[in-house]
Amino acid sequence: MTMQAREFGVLAANVALLAILAFCAHGYFTRGNLFDLFLSAMPVMIVAIGMTLIILAGHIDISVGSVFALSSVVMGMCAASGVPTILSAFAACGVGAFCGAFNGVLVAKLRMPSIVVTLATMVALRDGLRWKTQGAWVEGLPARFQWFGMSSASYNILCFLIVVFLVALSAFGLRYLRLGRAVFATGSNESAARMAGIDTSKIVLGVFALTGLFTGLAAALNAARFKQIPSNSGIGLELKVIAAVAVGGAAITGGSASITGTVLGVVLLNGIGSALTYLGISAYWEKAIQGGIILIAVAIDAIKTPRRQGENAVAA
Amino acid sequence: MMPNQFKATWTPLARPYLLRAVGISKSFSGVRALRDISFDLRPGEVHALIGENGAGKSTFTKIVTGAISADSGTLEIAGQPVRNNNPNLARSLGVSVIYQQPALFPHLSVAENIALALEDERASWLIDWKRRFTQAKELTDRLGALIDPQRTAGSLSMAEQQIVEIAKAIGSKARMLFLDEPTALLSDREVDNLFRVVCQLREQGVGMVYISHRLEEIQRLADRVTVLRDGSTIDCRETKSIERDEMISLMVGRSVASIFPKRSVPIRDTVLRVSNLGNRSMGLHNISFSVRAGEIFGFSGLVGSGRTELAKTLFGLTPGNATIFIGGQAVHITSPQQAIDLGIGYLPEDRRQHGLIMEMDLASNITMASLDNVSRRGIIDRSEEQCVAERYISALQVKTSSSSTPAMNLSGGNQQKVALARWMATKPRLMILDEPTQGVDVGSKAEIHSLISQMAEDGVAIILISSELPEILGMCDRVAVFCEKTIVQILDRKDAVQEKIMALAFGHSAGTSKAGTI
Ligand SMILES: Nc1ncnc2c1ncn2[C@@H]1O[C@H](COP(=O)(O)OP(=O)(O)OP(=O)(O)O)[C@@H](O)[C@H]1O
Ligand SMILES: [Mg+2]
C-alpha cells in the first residue's frame, strides 16, 4: 500500500525540520525544552489516536474540543470539592467516555451522520459549559492537585509513558487484534463487513466511546499541569487533531489510516509552531504554514490516486 | 432453434477496421498483464475475446476505452491513430462499454443513470423528465426486462443493474461496443433478449467485442474468436473453424476435468427446515422446504423471482416472519452475525458491494468470517492466517502474486474465487451459494464444482442459486423452482429437466410449455 510512502514522506519532513533547527536554533534540543514541547503536544497526540480510529471507521468527531473542556472542568470541580486527585482524573475520563458513547449511540444506532451529531454536541457542550461556569476558572484546587502530587519530573515521565503505551497499544491493536481488523473493514465497506459477521454498529459505538475516554484522559493529564483550570480549554483542539490525522495519511473517507502516520503528523504540525518561535519568525505565520502543509499532504494524495473515470470504482 | 441463428448473414471482411490494436503491453507494478497483444474489429462483427481468469481481457478492454493507459503499442480507433487515450476521447470516437461489474450511481434512478450516459450536457439546462422516463422504459423494454425507471439503481438486483448497464450502452448509439461478461448474472430469458439486441446492432454495422466464460454463447454469437493466455494472444480464428474443446485447450494450455462432477453422497439429517415463510418487505410468501446434510439443493428461476431475497432472509439481512429450524431447533435469525454463529455461510451475488473488502489484502479477506480459527483471545495469529489463506488460494487456483495483494488488484473471476474461499473457510453447516461461479473460467469452474461436491460429502447442506441451468441440473439433488417470489415446485434430480424448469419459472403449470418461443 502507499501508506508506507506517506509515512516516509512525513518522516522526511520531520527530519528536515529537525535538521534546520539543529543548525539554526541552539537550545532547542535541551531536555527542558523537549519536555515542554512534548507536554504541549500531548493532548493532541492522545486525542489523535482515538480520532485515527474514528476516521478509519469512516466517521469523524468534531466535539473533542468541547469534551476536553468539560472533562477538565469536571476534574477541577471534583478536586476542589475534596475528591482525591486521582479519582477526579477518573471522573474526567468517565465524563469523556460518556460523551463519546453518547455521540456513538446517535451515529451507530440511530444512523445519524457523525458530522452533524458531533457538531451538535460540540456546540451544546461548549455553550452549556459557558453558561454553567459563567466563564469563571476553577480555582481553589488542593496543593496536591498539580502534578498529581508528584515532582514535575516524575509527572513528565508518567505522561510520556502513558503516551508511549497508548501509541503502542493502538498500533498493535490495529495490526493484530480482531477488533482492529473490524475497524478497518467497517470503514472500507460497511455492508460487506456486516455480511462477514462483524457487528459494525458496535464497532462504531466503540471507537466513539474510546475517543471520548482518550479525550477525558488527555484533559486530566493536561489539567494537572496547572494550579487552576480554565473553563474554555480545548478550543480548536478538533482542528489540530483532524489536521494531524490527515497529514499522517488517513483517508478521510475511511478504511485507510495508520497510527505511525498520525504520530508523525502530530510531531510535524507541533514542531512547526515551536520551530517558528525559535527561529524568530512571527507566530502569525504558524497557522498559514500548517494550513500549507495540510494542503500539500492532501494534494499529494489526490495526485497519486488515479482518477477512476469510466468505471467509477476499482478494477474488476 | 438453429444454433447459427445469431450469425451474421454477410461477410464483414470487406469493411475497414473499426479498431486495430498492435503490440499492446501493460504491466501493473511489475506484473505483466498484457504482452504484445494484437486485436482488430470490423463493423458488423462480433469478435469474442476468451481466456482464463486473469488472462488480461478486462485490462485490454480498459485500454481501448481509455480507463487505463497502455505501456506500449499502437491503437487505431475508427481509422484514427490514438495516442494518450482517455475515456472522453474513446467515447467521442464511438467506443462504448459494459464493464464486468455494474457501476451505476446507486442513489439516482434508473432513468437518470441512463440519461447521464446518453444526454449531451450541452443539450438543455432544463431536464425533460418525461423524455428521460420514456427513453429508459424503451431501452429496458427492448431488453425484455420489467424495470421501473423510477427505482433507484441501488435497489436493483445485480442482474437488473447489469440490464441497466446494457441499456445505457445500446442507447448510446456507439459504433463499437465492448461487452465484458454481460451475461454472468443473467438467466436464459435475459440472455436471449440480449442476444437479439446484439444481432440488431450487428445488422446496423456496430462492431462488438464479446467477453464471456460461457463458451456456448461464443459459439452461438461470435464471428471470430481471439484467445488470450497469460496476457498473450494465442490465436485468432473464425468461430466456425473452432470447436469448444479446442477453445478450452487453447485457453488453458492443458485439458480440463469434466464439469459438474456430481458425486452421490449419503443424505443425512435435516439441517434447515422452513415452513410457510413470508417476508413482506421482500415480497416473499408461502415458502416451505427443507435441506439435509450432504444435499445440494438448487434454487432456480428468473431474475427477480425471489431466490436472492430468500437467501438474504435466511441469513438474517431482512428478517422474515416465519420460524426457521436449524438442526431441529427453532430460531429467528435477525443478523448475519447470528446466522454465522448458527453455522450458516452465505456467499452473496454481489462480490463488490457485499462481498470483498477491496482495499484489504487477500489473507484478511479470506479469514474475515472465520477469525475464530486463526485467533486466540482476540489476537490474530498472522502466520496461521497466512497459511489458511494460501491453502485456499492454491485450492481455488487464484491467480495472484501473494496473499498480501489487495483484493482490488485481482481480475473479476479471481475476486469471485476469493469471496468463495472466505465462506469455505468458515466450515458451515449450511452453505448458501449465490451464483458461486459467476465470471469464473471453465477450468476453475470444474474445480469449484468438485469442491462443492466435496463439501456435500463432508456433510454440509448446500443451497445453490444459479442462473445457469446446466449448473443447476448438473449439481443439484433437488431443485426448487421460483416464480413471483415463491417456490412453485420442488423437483427431484430425476425429474429436473430443462423444459420443465423453464415452464415452471415462467409461471406455466408443468407440461404446457411455451418455452419454445424463448
Ligand atoms: N490494478 C491492478 N493492479 C495490479 N494488477 C492488476 C490490476 N488490474 C489487473 N491486474 C492483473 O492483471 C491481470 C489481468 O487482469 P484482467 O482483469 O485483465 O483479467 P481478465 O482476463 O479480465 O480476467 P477475468 O476473467 O477474471 O475477468 C491479472 O493477473 C490481474 O491480477
Ligand atoms: Mg475481467
Side-chain angles (χ1 to χ4, degrees), chain A residues 1-5 55-58 108-109 169 171-203 206 249-258 301 304-316, chain B residues 28 58-59 62 65-68 86-88 90-91 97 99-101 103-105 180-181 315 317 335-341 346 348 350-361 364-365 367-372 375 378-382 406-412 415 422 426 439:
Chain A
M1 285 209 228
T2 57
M3 207 67 219
Q4 272 99 14
I55 288 180
L56 195 50
K109 304 286 179 196
L169 185 72
F172 173 86
L174 281 182
R175 196 167 157 73
Y176 288 103
L177 289 189
R178 294 181 61 166
L179 285 171
R181 184 71 62 82
V183 176
F184 272 105
T186 303
S188 299
N189 183 340
E190 188 175 348
S191 72
R194 240 163 66 76
M195 295 283 262
I198 292 170
D199 188 341
T200 52
S201 66
K202 209 156 62 191
I203 295 292
I252 219 78
T253 46
S256 158
S258 85
D301 284 348
K304 276 209 313 215
T305 316
R307 256 158 295 171
R308 285 161 183 156
Q309 296 177 351
E311 196 176 17
N312 65 12
V314 289
Chain B
F28 293 103
S58 299
T59 305
K62 287 178 204 156
T65 59
I68 57 179
N86 66 56
N88 288 331
R91 195 170 340 172
V97 61
Y99 284 113
Q100 195 165 4
Q101 295 282 315
L104 300 171
F105 297 102
D180 194 348
E181 295 186 39
F315 198 59
L317 285 163
S335 75
Q337 229 187 335
Q338 189 192 354
I340 291 171
D341 291 343
Y346 172 46
D350 181 348
R351 62 175 168 256
R352 207 165 73 187
Q353 279 299 314
H354 306 302
L356 297 182
I357 296 192
M358 291 297 172
E359 295 86 351
M360 279 195 171
D361 61 23
S364 313
N365 266 300
T367 57
M368 180 137 289
S370 57
L371 281 173
D372 280 339
S375 65
I379 299 175
I380 299 169
D381 181 344
R382 284 228 165 195
M408 64 184 161
N409 286 0
L410 259 52
S411 78
Q415 289 174 357
R422 172 190 297 173
T426 61

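Proteins come first, then strands; the chains are lettered A, B, ... in the order of their sequence lines, and each starts at number 1.
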Carefully, step by step, assess B:Phe315 and B:Ile340 under the rule side chain to side chain contact (heavy atoms under 4.5 Å, CB included). CA-CA 8 Å; B:Phe315 198 59; B:Ile340 291 171; 3.9 Å; yes

Given a strict heavy-atom distance threshold of 4.5 Å, which part of [X] is in contact with chain A: side chain, backbone, both, or neither?
X        : answer
B:Ile379 : both
B:Leu356 : backbone
B:Ser364 : both

Find the one option among B:Gln338, B:His354, B:Gln353 whose heavy-atom pairs under 4.5 Å with chain A are most numerous. B:His354

Residue pair B:Ile357 / B:Arg422: nearest heavy atoms and the distance that separates them: N-NH2, 4.2 Å

Closest non-hydrogen atom pair, B:Glu359 against B:Pro406: O-CB, 3.8 Å

Yes or no on side chain to side chain contact (heavy atoms under 4.5 Å, CB included) for A:Ser201 and A:Lys109, after CA distance, side-chain angles and deciding distance? CA-CA 6 Å; A:Ser201 66; A:Lys109 304 286 179 196; 3.6 Å; yes

